[in-house]
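The analysis underlying the following values was restricted to heavy atoms, covering all of them including side chains, and did not include hydrogens, waters or symmetry mates. Numbers here simply count residues along the sequence, with the first being 1.
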Amino acid sequence: MTTITHDAGVITPQLVDGYQASSEARTIVHPILNRSNPDITFRAPGLRTGSFRCLFPVEADAVAAFAVFRTPQVLTIADDDRPGIVMSFVVADGDISVELDDETRDVWWVEIPFQEVIQ
């Protein structure tokens, strides 16, 4: 089960789908004239950034989650079955959306763009 903790409580979507994350590689390669091997400046990679979607079977729950994600705050996502997605994050760099599922016309999706943060 996935839980998303925020300042006022916990969101428990039925499903998290479409999770994708990337991390900026910050190592710098310095080409050197007349030398085949460049100098390298190693730097730690950036924190994760990306997006994921949450499925809600009840419209009111989706609308409430949408409101939470629109509130500036640090959130935490955790999942016992997917430890790789555990992180603290802020909603950033994109659009937060809520939509009725096209196929079923019965469940709701909320999509969240995120930037991982360290607390």
Side-chain angles (χ1 to χ4, degrees):
M1 173 171 59
T2 303
T3 57
I4 301 167
T5 306
H6 57 92
D7 290 344
V10 176
I11 298 169
T12 308
Q14 181 177 349
L15 174 74
V16 171
D17 185 48
Y19 174 88
Q20 71 83 24
S22 61
S23 176
E24 180 184 7
R26 295 182 182 170
T27 296
I28 301 171
V29 177
H30 307 275
I32 306 298
L33 290 174
N34 297 322
R35 196 168 91 193
S36 59
N37 194 25
D39 283 346
I40 308 295
T41 301
F42 290 103
R43 296 183 353 178
L47 297 174
R48 291 177 283 182
T49 185
S51 65
F52 58 88
R53 299 186 323 156
C54 294
L55 178 70
F56 296 93
V58 177
E59 178 182 2
D61 293 342
V63 171
F66 181 69
V68 167
F69 293 126
R70 294 179 62 221
T71 303
Q73 62 186 305
V74 176
L75 303 103
T76 302
I77 186 168
D79 188 314
D80 295 335
D81 297 328
R82 303 272 180 227
I85 71 168
V86 173
M87 69 177 155
S88 293
F89 70 96
V90 295
V91 178
D93 297 331
D95 294 330
I96 309 159
S97 65
V98 59
E99 66 177 294
L100 180 61
D101 184 69
D102 282 342
E103 289 183 31
T104 66
R105 309 296 295 166
D106 195 38
V107 296
W108 293 81
W109 290 102
V110 177
E111 186 164 353
I112 304 99
F114 69 85
Q115 169 63 59
E116 182 181 17
V117 296
I118 304 277
Q119 287 190 292

I'd like a table of donor-acceptor pairs (distance under 3.5 Å, sequence neighbours excluded) in which one partner is a side-chain atom from residues 68-76, with atom names and distances.
from, atom 1, to, atom 2, distance (Å)
T71, OG1, A67, O, 3.0
Q73, OE1, D7, N, 2.8
Q73, NE2, V68, O, 3.2

Would you list the atom pairs, donor with acceptor, under 3.5 Å between side chains in residues 90-98 and any protein atom, with sequence neighbours excluded?
none

Give the table of side-chain donor-acceptor pairs shorter than 3.5 Å for residues 20-32, with sequence neighbours excluded, one pair per line with atom names and distance.
from, atom 1, to, atom 2, distance (Å)
S23, OG, G46, O, 2.4
H30, NE2, T41, OG1, 2.7

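Linking Ile, Leu, Val, Met, Phe, Trp and Tyr whenever their side-chain heavy atoms come within less than 4.5 Å leaves V117 and I11 in two separate clusters. I4 and L55 fall into different hydrophobic clusters, where Ile, Leu, Val, Met, Phe, Trp and Tyr residues are linked whenever their side-chain heavy atoms come under 4.5 Å apart, directly or through other members.
Side-chain contact between L100 and R105: present, with at least one pair of heavy atoms (C-beta onward) separated by less than 4.5 Å.
With sequence neighbours left out, the salt bridge (charged side-chain N to carboxylate O under 4.0 Å, His left out) criterion links E116 to R48. A search for salt bridge (charged side-chain N to carboxylate O under 4.0 Å, His left out) contacts involving D79 returns nothing, not counting sequence neighbours.
Closest approach of V107 and P57 over heavy atoms only: CG1-CA, 4.0 Å. Minimum heavy-atom separation, T2 to P13: O-CD, 3.6 Å.
The list of ring-ring contact (aromatic ring centres under 6.0 Å, His included) pairs with a residue in residues 84-119, not counting sequence neighbours, reads Y19-F114, F52-F89, F52-F114. Sorted by first then second residue, the salt bridge (charged side-chain N to carboxylate O under 4.0 Å, His left out) pairs that include residues 27-40, not counting sequence neighbours, are R35-D39. Within the structure, the side chain to side chain donor-acceptor pair (under 3.5 Å) test picks out the following pairs touching residues 50-61 (sequence neighbours left out): D17-R53.
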Working note: D80 + M1, criterion side chain to side chain contact (heavy atoms under 4.5 Å, CB included); need CA distance, chi angles, decisive distance, verdict.
CA-CA 6 Å; D80 295 335; M1 173 171 59; 5.8 Å; no
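Residues I118 make up the rest of the hydrophobic cluster containing L47, defined by ILVMFWY side-chain heavy atoms closer than 4.5 Å, directly or through other members.
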